[in-house]
Amino acid sequence: MKIVIIGNGPAAIAAAETLRGQDRSCEIVMLSRESVPFYSPCPLAEYVEGSVPKDHLFLRDPDFYARTGIDIRYECPVRRIDPQARQVWTGDQTVGYDRLLIASGSRAFVPPIPGLATARGVFELKTLGDADGILERIKTARRAVVIGSGFIGLEAVQALVRQGLEVTLLEAREHVLPAMLDSDMAALVERRLVAHGVQVRTGCGAERLLEGDDGVRAVLAGGVEIPCELVICAAGVRADLSILEGSGIASNLGILVDARMQTSVEDVFAAGDVIERPDAPDKHRVVPNWPNAVSTGRIAAWNMLGVDRRHPGLEAVNVVRVFDMPIASFGVQTGETSLRWQDDKGAVRKVQLKDGRVAGGQLIGEINGTGVLHEMMKKGIAVERFGTDLVHPGFGYIHTMEPLRAVKWA
């Protein structure tokens, strides 16, 4: 059996290793649009700021593919899928398959702002190539603008500040981290950014990029020119669906798959950041994160081998660190009841309840127990009996099994 995997990220690698662990004889061809072995994009900001060396990004050595019998083909982006012929097109060449896994991941979203897609000195922070480009530009740049205040944007801000640049953060919505935090909690993050010298401008989207002889020289936002020599676009990511045209593979925000990671087309599976599942939080969402990529890649591999395995559901916990302040969130930002805890060191925790059950959480400065609260939300556990102790950072699994009077906080 010949299995073709589109991608070389966590979903692709998890699938390939699962396949090879169960079947030494199947042929595995992996098509990567990048030119380097499997690496983690999670520490790219730390690589830019200089705290993580380049070789620490790589999670497999170059010999991994030959050692495990994987035919890796670098710089081989897929252009088209032909399920009827069981072929994928890479440029003017085709690769046949018996089973196909689409694990092409997500791509940065570039808003239609004049100059943003064409000006020199504008980067995303999605790939190793992006990070290397930013490091080269930093050699001559003194000022930077970051467009977007999601977790990638804030990680980029931190990296640039630590590289000694003057940084302005633009967020079109009314506060930073709008997908993670409400305005009350976001204000704590904004104060942290300002304390580290960042110019934070919320409710202010970029309108145009202005260019000089050396590339970008300013960003026009709110009618004001913000001088800069470097721009990072961190306006979010989208599932990479560019190869689906004409394939008949159903998609919405992502490729639609069932619990077996099967697409609408026979013998074509999908996993990772590119998929959309009806059991995602808030229904039919793309939930791009590392744990989902690995778990869905493994499930896809089992089912490509004919072993029926079902995915238990996507995880949707967001975690970021802003100038060493940890932040975590999950679920909804408002509920019927809101529980709050804070200490005198600036840590704040909020848990939202609906029908007596956890519906969401936002934690800043003290994020211990995030996993416990998220698991209680997924399982629909009644939590009213815990009262405000539920939101205390010392709350854990043990407290769900003991009488509340036995709880002792450290």
> For Thr337 and Leu353, indicate whether the former's side chain and the latter's backbone hold a donor-acceptor pair under 3.5 Å.
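No, because the side chain of Thr337 does not come within donor-acceptor range (under 3.5 Å) of the backbone of Leu353.
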> Evaluate side-chain contact (heavy atoms from CB on, under 4.5 Å) for Ile28 paired with Cys26, printing each intermediate quantity in order.
CA-CA 6 Å; Ile28 302 175; Cys26 68; 4.0 Å; yes
> Looking only at heavy atoms, which two atoms of Ser247 and Pro83 are closest? And how far apart?
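Shortest heavy-atom contact: O-CG, 3.3 Å.
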> Any salt bridge linking Arg80 with Glu245? Criterion: basic side-chain nitrogen under 4.0 Å from a carboxylate oxygen.
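Looking at Glu245 together with Arg80, the answer is no, because their closest N to O distance does not fall below 4.0 Å.
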> Could you check Val95 against Arg73 for side-chain contact (heavy atoms from CB on, under 4.5 Å), going step by step and ending with a plain yes or no?
CA-CA 11 Å; Val95 181; Arg73 303 183 188 181; 3.6 Å; yes
> Can you classify the ring geometry of Phe323 versus His196 as parallel (below 30°), tilted (30 to 60°) or perpendicular (above 60°)?
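Geometry flag for His196 against Phe323: parallel rings.
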> Applying the salt bridge (Lys or Arg N to Asp or Glu O under 4.0 Å) criterion to Glu229, which one of Arg120, Arg143, Arg137 satisfies it?
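For Glu229, the salt bridge (Lys or Arg N to Asp or Glu O under 4.0 Å) test succeeds with only one of Arg120, Arg143, Arg137, which is Arg143.
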> Which side-chain N or O atoms in residues 356-363 pair as donor and acceptor under 3.5 Å with protein atoms at least two apart or in another chain?
| unit_1 | atom_1 | unit_2 | atom_2 | d |
| --- | --- | --- | --- | --- |
| Arg357 | NE | Gly380 | O | 2.6 |
| Arg357 | NH1 | Asp355 | O | 3.1 |
| Gln362 | OE1 | Asp182 | N | 2.8 |
| Gln362 | NE2 | Asp182 | OD2 | 3.3 |

> Less than 4.5 Å apart, any side-chain heavy atom of Arg67 and any of Asp61?
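Yes, side chains in contact.
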> For Val176, does its backbone N or O pair with a side-chain atom of Glu190 as donor and acceptor, under 3.5 Å?
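Yes.
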> About how many Å separate OG of Ser329 and CE of Met185, when rounded to the nearest 0.5 Å?
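Answer rounded to 0.5 Å: 9.5 Å.
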> Verify the distance criterion only: is there a donor paired with an acceptor across the side chains of Ser295 and His311 at less than 3.5 Å?
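Looking only at side-chain atoms, His311 and Ser295 do form a donor-acceptor pair, the distance falling under 3.5 Å.
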> Between Gly387 and Leu339, what is the shortest heavy-atom contact and its length?
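Taking Gly387 first and Leu339 second, the nearest heavy atoms are O-CD1, 3.6 Å.
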> Determine, step by step, whether Ile3 and Met1 satisfy the side-chain contact (heavy atoms from CB on, under 4.5 Å) criterion, reporting the C-alpha distance in whole Å, the side-chain angles of both residues, the deciding distance to 0.1 Å, and the verdict.
CA-CA 6 Å; Ile3 295 175; Met1 179 168 62; 3.8 Å; yes
> Check for a donor-acceptor pair, side chain of Asn303 on one end and backbone N or O of Gly306 on the other, with a separation under 3.5 Å.
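Checking the backbone N and O of Gly306 against the side chain of Asn303, no donor-acceptor pair under 3.5 Å is found.
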> Within a reach of under 6.0 Å around CZ of Phe151, are more than 12 heavy atoms found that belong to other residues, nucleotides or ligands?
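No.
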> Sequence neighbours left out, what pairs pass salt bridge (Lys or Arg N to Asp or Glu O under 4.0 Å) with at least one residue falling in residues 29-45?
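Salt bridge (Lys or Arg N to Asp or Glu O under 4.0 Å) check on residues 29-45 returns Arg33-Asp240.
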> Of the non-hydrogen atoms in Ala12 and Ile5, which two are nearest, and what is the gap between them?
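The pair with the smallest heavy-atom distance is CB-CG2, 3.6 Å.
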> CD1/Ile70 to CE/Met30 distance, rounded to the nearest 0.5 angstrom?
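Here the interatomic distance stands at 4.5 Å.
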> Should Glu315 and Lys378 count as an ion pair when the cut-off is N to O under 4.0 Å?
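Looking at Glu315 and Lys378, the cut-off is met.
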> Tell me the closest heavy-atom pair linking Ile255 and Ala270, and the distance in Å.
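In terms of heavy atoms, the two residues are closest at CG2-CB, 4.0 Å.
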> Show the numbers, then the answer: is there a side-chain contact (heavy atoms from CB on, under 4.5 Å) between Leu193 and Leu154?
CA-CA 9 Å; Leu193 292 165; Leu154 294 193; 4.0 Å; yes
> How about Arg340 and Asp184: do any of their side-chain heavy atoms sit closer than 4.5 Å?
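Arg340 reaches Asp184 side chain to side chain.
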> Got a second to check how far Thr334's OG1 is from Lys354's NZ, nearest 0.5 Å?
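Answer rounded to 0.5 Å: 9.5 Å.
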> Measure from the side-chain N and O atoms of Ser264 to the backbone N and O of Ala250, and report whether any donor-acceptor pair falls under 3.5 Å.
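At least one qualifying donor-acceptor pair exists.
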> Would the Phe64 and Phe38 ring centres measure less than 6.0 Å apart?
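No; Phe38 has its ring centre 6.0 Å or more from that of Phe64.
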> Looking at Glu336, I want to see if its CD is surrounded by more than 12 non-hydrogen atoms of other residues, nucleotides or ligands under 6.0 Å.
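It does: Glu336 CD has more than 12 such atoms within range.
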> Is there a side-chain contact between Asp132 and Leu128 (heavy atoms, below 4.5 Å)?
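A side-chain contact exists here, since the closest heavy-atom pair is under 4.5 Å.
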> Does the side chain of Ile81 come within less than 4.5 Å of Ile6's, by heavy atoms?
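A side-chain contact under 4.5 Å exists here.
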> Do Met376 and Phe395 have side chains that approach each other closer than 4.5 Å (heavy atoms only, starting at C-beta)?
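Side chain of Met376 against side chain of Phe395, heavy atoms only: contact under 4.5 Å found.
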> Answer yes or no on whether Arg238 is positioned over the face of Phe109, meaning its NZ or CZ is under 6.0 Å from the six-membered ring centre and within 45° of the axis.
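Yes - Arg238 lies over the ring of Phe109, closer than 6.0 Å to its centre and within 45° of its axis.
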> Does the Arg99 side chain pair with the main chain of Met304, one donor and one acceptor, at a distance under 3.5 Å?
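Looks like yes, one N/O pair under 3.5 Å.
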> Quick check for you: to the nearest 0.5 Å, what is the distance between Gln22 atom CD and Trp302 atom CH2?
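The CH2 atom of Trp302 is 3.0 Å from CD of Gln22, to the nearest 0.5 Å.
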> Determine whether Phe386 and Val391 make a side-chain contact, defined as any pair of heavy atoms from C-beta on separated by less than 4.5 Å.
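Side-chain contact under 4.5 Å: no.
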> With side chains defined as the heavy atoms from C-beta onward, is the minimum distance between Asp130 and Leu44 less than 4.5 Å?
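Not touching, per the 4.5 Å side-chain cut-off.
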> Backbone N or O of Lys345 within a donor-acceptor pair of the Gln342 side chain at under 3.5 Å?
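Checking the backbone N and O of Lys345 against the side chain of Gln342, no donor-acceptor pair under 3.5 Å is found.
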> Hey, does Ile72 have a side-chain heavy atom less than 4.5 Å from the side chain of Ser32?
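Counting from C-beta outward, Ser32 and Ile72 do come under 4.5 Å.
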> For the pair Arg298 (side chain) and Thr18 (backbone), establish whether a donor and an acceptor sit closer than 3.5 Å, ignoring hydrogens and angles.
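No; judged by distance alone, with no hydrogens or angles, the pair does not exist.
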> Within this structure, what is the CG-CD1 distance for the pair Leu31 and Ile102, rounded to the nearest 0.5 Å?
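Result: 11.5 Å between the selected atoms.
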> Measure across Gly115 and Leu209 and return the closest heavy-atom pair with its distance rounded to 0.1 Å.
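Answer, listing the atom of Gly115 first, then Leu209: O-CD2, 3.9 Å.
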> If you count every heavy atom of other residues, nucleotides or ligands that lies below 6.0 Å from Lys126 atom NZ, does the total exceed 12?
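Yes, NZ of Lys126 has more than 12 neighbouring heavy atoms, counting only those of other groups under 6.0 Å.
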> Mind checking the OG1-CG spacing from Thr68 to Leu19? Nearest 0.5 Å is all I need.
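That separation rounds to 11.0 Å.
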> Less than 4.0 angstrom from a charged side-chain N to a carboxylate O is my criterion; do Asp98 and Lys2 meet it?
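Salt bridge flag = no for Lys2 with Asp98.
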> Can you see which heavy atom on Ala300 is nearest to which on Ala271, and at what distance?
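Closest approach of Ala300 to Ala271: CB-CB, 4.4 Å.
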> Using atom types as modelled, flag every donor-acceptor pair under 3.5 Å from a side chain in residues 164-175 to any protein atom, sequence neighbours excluded.
| unit_1 | atom_1 | unit_2 | atom_2 | d |
| --- | --- | --- | --- | --- |
| Glu171 | OE1 | Ser149 | N | 3.0 |
| Glu171 | OE1 | Ser149 | OG | 2.7 |
| Glu171 | OE2 | Arg173 | N | 2.9 |

